[in-house]
Amino acid sequence: MKGNFPIEQFEQLQTPFYYYDTELLRRTLQTINQEAGRHEGFVVHYAIKANANPKVLNMICQAGLGADCVSGGEIRRCLEAGFSPSKIVYAGVGKSDWEINLGLDKNIFCFNVESVAELEVINELAAKKDKVASVCFRINPDVGAHTHAKITTGLAENKFGIAMQDMEATIEKAASMSNIRFTGLHFHIGSQILDMGDFAALCNRINELQDVLEKKHVKVENINVGGGLGIDYQHPNRVPVPDFKAYFDTYARLLKLREGQKLHFELGRAVVGQMGSLITRTLYIKQGTAKQFLIVDAGMTDLIRPALYQAYHKIENISSEEPAETYDVVGPICESSDVFAKAIDVNKAHRGDLIAMRSAGAYGEIMASQYNCRELPKGYITEDF
Ligand SMILES: *Cc1c(COP(=O)(O)O)cnc(C)c1O
């Protein structure tokens with residue numbers, strides 16, 4: 001047996017399922033609060049799109065974090081989990097009217113607005129309700145994050161945000177709208193970022209933009225730098241908690257906050273990534289001509305990251321201590337991309353062995369689908385055993 005898993009209890013359960021180590025989640029949340037708490041004006045939100053399991057959300061809410069939502073469904077889910085509307089921010093390039101209305105009805109903290117077209121609709125809908133919507137503008141800072149192309153969001157050619165050169169005109173436009181209150185600037189440059197230099201580049205860009213706005217006497221109450229801090233997928237045991245100190249210190253050192261300004265963060269992966277594992281069972285060992293396949297009962301429907309982003313997840317046989325053999329680990333879905341890993345070493349596996357795919361707490365369960373008419377995987381936390 002390996003790692004921190006209650007294997008005997010796992011044996012009773014239908015696989016595949018997600019297991020969330022809540023001791024690690026608590027430790028992670030404590031570290032976040034401790035490291036962010038060292039700095040005046042830092043406010044941390046959790047990006048709920050990373051993992052919206054109700055029990056997990058409830059723990060994050062208890063730790064005092066706010067919520068970053070990207071849909072009306074997420075707003076509902078985090079209200080159910082206990083988050084106060086006053087701590088909810090709502091971003092997204094394509095907000096439907098019902099979603100904007102929901103945000104207005106619940107009096108959420110802020111809409112992160114991504115276009116002038118959207119701003120006009122929010123103004124109209126707010127007017128109908130005789131309300132004033134607080135908005136931040138999501139600015140595309142044209143800062144590239146050194147990560148996978150599918151998860152960079154801050155480059156000029158991206159669909160996200162308002163171009164820098166349109167920032168001032170957009171703020172002026174907002175000032176002329178009676179049902180809009182401009183409260184700040186929002187940024188998010190991408191995900192799984194481990195190079196603090198990328199965040200440093202964002203800080204420099206924000207400083208430049210703030211200088212421009214200061215000259216025009218535009219008051220900016222909030223700066224929101226989004227999320228993006230990565231986790232160590234290679235070493236989930238050695239580095240279970242991301243380096244939040246380096247992350248927050250980078251912003252504290254480089255970003256010049258103005259008097260009374262709040263600095264908001266929206267962390268997803270770094271909060272929940274390492275605490276989750278996908279637990280699956282070995283169905284067959286299939287001998288190919290040049291390789292052997294370890295066929296498991298989890299597929300890309302349960303964890304799509306390897307198929308979608310060629311993402312790496314450490315794979316462990318938690319039922320075996322036998323010498324390692326080399327396998328391609330594959331699922332049962334009728335797609336050639338349903339491969340978790342190629343030519344990796346795993347302790348010799350037999351039918352029935354439990355396999356753990358580590359670092360799967362973020363963008364795992366929440367991205368599951370029912371393709372091939374499969375059941376969605378369940379999520380269990382430590383307290384369930
Ligand atoms: C996805 C997202 C986040 C969280 O990203 P992570 O890489 O998981 O930290 C934060 N803000 C916005 C606007 C997002 O879309």
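Remember, it's 1-based here, ligands and their atoms both numbered in the order they're listed. Every value quoted in this text rests on a predicted model; they were computed, and no experiment measured them. Note that the numbering runs from 1 along the sequence shown for the chain.
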Could you tell me which residues satisfy ring-ring contact (aromatic ring centres under 6.0 Å, His included) with Tyr233, sequence neighbours excluded, listed by chain and number?
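Here the qualifying residues are His313.
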Glu11: side chain to side chain donor-acceptor pair (under 3.5 Å) partners, not counting sequence neighbours:
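Expected list: Arg281.
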I need the full list of salt bridge (charged side-chain N to carboxylate O under 4.0 Å, His left out) pairs touching residues 74-86, with sequence neighbours left out, sorted by first then second residue.
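Matches after skipping sequence neighbours: none remain.
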State plainly whether the residues Lys129 and Asp105 are in salt-bridge range, i.e. N to O under 4.0 Å.
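Looking at Asp105 together with Lys129, the answer is yes, because their closest N to O distance falls below 4.0 Å.
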Starting from the N and O atoms of ligand 1, collect every protein N/O partner closer than 3.5 Å and put each pair on its own line with the distance to 0.1 Å.
residue, atom, partner, partner atom, Å
ligand 1, 7 (O), Ser191, OG, 2.3
ligand 1, 7 (O), Gly228, N, 3.4
ligand 1, 8 (O), Arg269, N, 2.8
ligand 1, 8 (O), Tyr363, OH, 2.6
ligand 1, 9 (O), Gly228, N, 2.8
ligand 1, 9 (O), Gly268, N, 2.9
ligand 1, 11 (N), Asp68, OD2, 3.2
ligand 1, 11 (N), Glu266, OE1, 2.7
ligand 1, 15 (O), Lys49, NZ, 2.8

For side-chain contact (heavy atoms from CB on, under 4.5 Å), just list the numbers for Leu263 and Val43, CA-CA rounded to whole Å, side-chain angles, deciding distance to a tenth of an Å, and then say yes or no.
CA-CA 6 Å; Leu263 182 59; Val43 182; over 6 Å; no
Between Tyr90 and Lys95, is there a cation-pi geometry (under 6.0 Å to ring centre, at most 45° from the normal)?
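Judged by the rule (NZ or CZ under 6.0 Å from the ring centre, within 45° of its axis), Lys95 counts as positioned above Tyr90.
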